[in-house]
Amino acid sequence: MKSFYGKVAAITGAGSGIGQATAIALAKSGCHLSLSDVNEKGLAQTLDKLRPYPVKITTHHVDVGDRAAVYQYADDSVKEHGKVNLIINNAGVGLGETVEAMSYENFEWLMNINFWGVVYGTKAFLPHLKQSGDGHVVNISSIFGIIGVPTQSAYNAAKFAVRGFTESLREELDIENGCVSATCVHPGGVKTNIARNSRMGEMGNMSMGGQDEIAEMFDRIAMSTPEQAAKAILQGVKKNQRRVLIGADAVLLDTAQRLMPTGYQRALETLFRMNKGRSAKATAI
Ligand SMILES: NC(=O)c1ccc[n+]([C@@H]2O[C@H](COP(=O)([O-])OP(=O)(O)OC[C@H]3O[C@@H](n4cnc5c(N)ncnc54)[C@H](O)[C@@H]3O)[C@@H](O)[C@H]2O)c1
């Protein structure tokens, strides 16, 4: 896809963060939008920010974990806009919990949104993207789809799965040599609401703090803004990249994983052990 002008893009999780910034960047390029989220308030805020741009925008209340709702969203988008060229499967949630303590309810909640939501979005929109004559699937994984991290097993499982699913899809689409392509996106830290909206389960002495503390720490260490993430995603689509890494942190961690495919894990363990020492000290004080 060489230009977004006059195209139609559907974005899940468009009420906040990366989804919202990507909607704005697309509208600036003259792309029409079919936006969805479970958060109506967030969607209304996105709509408000899109007011200056003369493009057609529709909004939809869609839970990406609900397969029927996602298929309805795809059909409604085509009915309202006449076509869809781009699906950005972006909606996502976080969960911090050890494997041992994690309830199946929490694990399934995350997989439903972060993994099945991407599968439903891809399969529901794919026939319409082909119909459009110039289509692209963007699936948002994470740098945690490349490295494993303590307390992130469910998130890691979903994001590694999104990577495998999208890489396989891209190969199939290339072999078909048709009009649709696919890109898998791996952001490093992006300053959004994701940490604030995460579920925090039992992390024992691997915990980095309470929810507010973790969210504040996340804001401090996240290197990219949602606007920078949006720019990288759209550049990746235009260049038809298979993989987009966002932020110097993502590039560094990806490199560490390549150079030390298992060694990076020892480095992470050391980091978490140091934190354990710190929290033991704090308890003693
Ligand atoms: N922020 C980061 O550092 C970071 C890093 C790597 C990957 N990501 C991924 O980027 C994507 C966007 O996250 P973000 O950082 O912008 O977070 P965010 O919390 O700001 O936005 C996520 C949006 O998804 C929506 N959402 C949650 N559950 C949903 C559901 N069931 N159905 C539909 N929408 C739902 C939320 O309401 C929210 O508007 C996610 O897939 C996330 O995993 C983020």
Side-chain angles (χ1 to χ4, degrees), residues 10-25 34-47 49 59-70 72-73 87-96 108-121 124 138-147 149 152 154-163 165-166 184-199 211 214-215 217-230 232-233 243-251 253-254:
I11 307 176
T12 67
S16 173
I18 297 171
Q20 182 179 83
T22 307
I24 295 168
S34 173
L35 306 177
S36 68
D37 206 299
V38 279
N39 181 352
E40 305 257 357
K41 215 168 131 192
L43 264 186
Q45 279 166 5
T46 303
L47 204 54
K49 290 179 190 232
T59 57
H60 308 254
H61 181 103
V62 180
D63 175 353
V64 296
D66 177 343
R67 193 199 305 175
V70 176
Q72 189 65 52
Y73 170 42
I87 171 68
I88 302 183
N89 290 304
N90 162 77
V93 289
L95 168 66
E108 285 168 4
W109 166 76
L110 183 135
M111 289 303 283
N112 251 335
I113 298 168
N114 290 12
F115 175 61
W116 284 109
V118 170
V119 174
Y120 300 151
V138 176
N139 289 338
I140 310 292
S141 173
S142 168
I143 190 58
F144 286 8
I146 292 174
I147 60 158
V149 178
Q152 294 297 311
Y155 192 83
N156 280 143
K159 296 299 189 181
F160 271 67
V162 166
R163 168 155 71 102
F165 175 77
T166 311
C184 193
V185 178
H186 300 272
V190 183
K191 293 179 202 300
T192 68
N193 291 321
I194 189 133
R196 231 160 245 107
N197 293 338
S198 286
R199 281 191 188 177
Q211 179 127 20
I214 290 175
M217 184 173 73
F218 180 78
D219 285 343
R220 272 199 310 277
I221 62 172
M223 297 185 92
S224 305
T225 62
E227 292 71 27
Q228 288 166 331
I233 292 167
R243 176 181 291 186
V244 172
L245 291 168
I246 298 176
D249 48 355
V251 173
L253 291 167
D254 176 55

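Position 1 is the first residue of the sequence; numbering continues from there. In each ligand, atom 1 is the first atom listed, and ligand 1 is the first ligand listed.
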**Message:** Give me the nearest non-hydrogen protein atom to atom 3 (O) of ligand 1 as residue plus atom name, then the distance to 0.1 Å.
**Reply:** V190 N, 2.7 Å
**Message:** Below 30° counts as parallel, above 60° as perpendicular, anything between as tilted: where do the rings of H60 and Y73 land?
**Reply:** tilted
**Asked** Is the shortest heavy-atom distance from the side chain of T192 to the side chain of Q20 under 4.5 Å?
**Response** no
**Protein contact to atom 4 (C) of ligand 1 [nearest heavy atom, distance to 0.1 Å]** = G188 O, 4.0 Å
**Prompt:** Please state which protein non-hydrogen atom is closest to atom 40 (C) of ligand 1 and give its distance, to 0.1 Å?
**Reply:** N90 O, 3.1 Å
**Prompt:** Do any N or O atoms from the side chain of S141 and from the backbone of K159 form a donor-acceptor pair under 3.5 angstrom?
**Reply:** yes
**Prompt:** Near N39, which atoms of ligand 1 are under 4.0 Å from a heavy atom of that residue?
**Reply:** 37 (O)
**Request:** Could you tell me which non-hydrogen atom of V149 sits nearest to which non-hydrogen atom of N156, and how far apart they are?
**Result:** N-OD1, 2.9 Å
**Message:** Please evaluate residues D249 and I143 with respect to the criterion side chain to side chain contact (heavy atoms under 4.5 Å, CB included), reporting the C-alpha separation (whole Å), side-chain torsions for both, the decisive distance (0.1 Å), and the verdict.
**Reply:** CA-CA 9 Å; D249 48 355; I143 190 58; over 6 Å; no
**Request:** Using a strict cut-off of 4.0 Å, indicate which atoms of ligand 1 neighbour a heavy atom of D63.
**Result:** 30 (C), 31 (N), 32 (N)
**Request:** Would you mind telling me if ligand 1 is within reach of the side chain of P226, the backbone, both or neither, using heavy atoms under 4.0 Å?
**Result:** neither
**For atom 33 (C) of ligand 1, closest protein heavy-atom neighbour** = V62 O, 3.2 Å
**Request:** Rounded to the nearest 0.5 Å, what's the gap from CD1 on I87 to OH on Y120? Could you check?
**Result:** 14.5 Å
**Asked** So which heavy atom in the protein is nearest atom 8 (N) of ligand 1, and how far is it from that ligand atom?
**Response** Y155 OH, 3.6 Å
**Complete:** Under 4.0 Å between heavy atoms, the region of Q20 that gets near ligand 1 turns out to be neither
**Message:** Given 3.5 Å as the limit, does a donor-acceptor pair link the side chain of N139 with the main chain of V162, or not?
**Reply:** no
**Message:** Working to the nearest 0.5 angstrom, can you tell me the gap between I146 CD1 and R243 CZ?
**Reply:** 4.5 Å
**Message:** I need the nearest protein heavy-atom contact for atom 29 (C) of ligand 1: residue, atom name and distance, please.
**Reply:** V38 CG2, 3.5 Å
**Prompt:** Nearest protein heavy-atom contact for atom 28 (N) of ligand 1: which residue, which atom, what distance?
**Reply:** V93 CG1, 3.7 Å
**Asked** T46 side chain to A14 main-chain N or O, any donor-acceptor pair under 3.5 Å?
**Response** yes
**Asked** Looking at ligand 1, does G189 have a heavy atom less than 4.0 Å from it?
**Response** yes
**Asked** Does the pair T12 and N90 meet the rule for a side chain to side chain donor-acceptor pair (under 3.5 Å), with working shown?
**Response** CA-CA 5 Å; T12 67; N90 162 77; 5.2 Å; no
**Request:** Heavy-atom contacts with N197 under 4.0 Å: which atoms of ligand 1 show up? List them by number with element.
**Result:** 19 (O)
**Request:** Considering the heavy atoms of G17, write down every atom of ligand 1 situated less than 4.0 Å from one of them.
**Result:** 16 (O), 20 (O)
**Message:** With a cutoff of 4.0 Å, is S141 in contact with ligand 1, counting heavy atoms of the residue only?
**Reply:** yes
**Prompt:** Do we see a donor-acceptor contact under 3.5 Å between the side chains of S36 and H61?
**Reply:** no
**Request:** Without swapping roles, check the side chain of D66 against the backbone of A69 for a donor-acceptor pair under 3.5 Å.
**Result:** yes
**Complete:** In ligand 1, the atoms that come under 4.0 Å of a heavy atom of S16 are 18 (P), 20 (O), 21 (O), 38 (C), 39 (O)
**Prompt:** Taking heavy atoms and a distance under 4.0 Å, where does I113 meet ligand 1: side chain, backbone, both or neither?
**Reply:** side chain
**Complete:** Atoms of ligand 1 under 4.0 Å from any heavy atom of G92, numbered from 1 in the order shown, are 22 (C), 24 (O), 27 (C), 40 (C), 41 (O)
**Asked** Is it true that the NZ or CZ of R67 lies under 6.0 Å from the centre of W116's six-membered ring and within 45 degrees of the ring axis?
**Response** no
**Asked** Which heavy atom of the protein is the closest neighbour of atom 39 (O) of ligand 1, given with residue, atom name and distance?
**Response** D37 OD2, 2.6 Å
**Message:** Tell me the nearest of A250, A91, A158 to atom 34 (N) of ligand 1, using heavy-atom distances.
**Reply:** A91
**Item:** CD1-OG1 distance between I18 and T225, expressed to the nearest 0.5 angstrom
**Value:** 10.0 Å
**Item:** Atoms of ligand 1 close to I140 [distance to a heavy atom under 4.0 angstrom, numbered from 1]
**Value:** 9 (C), 10 (O), 11 (C)
**Message:** Please check whether N114 reaches ligand 1 - meaning an N/O of the residue sits under 3.5 Å from an N/O of the ligand, judged on distance alone.
**Reply:** no
**Asked** Which of the numbered atoms in ligand 1 are below 4.0 angstrom from a heavy atom of F218?
**Response** 1 (N), 2 (C), 3 (O)
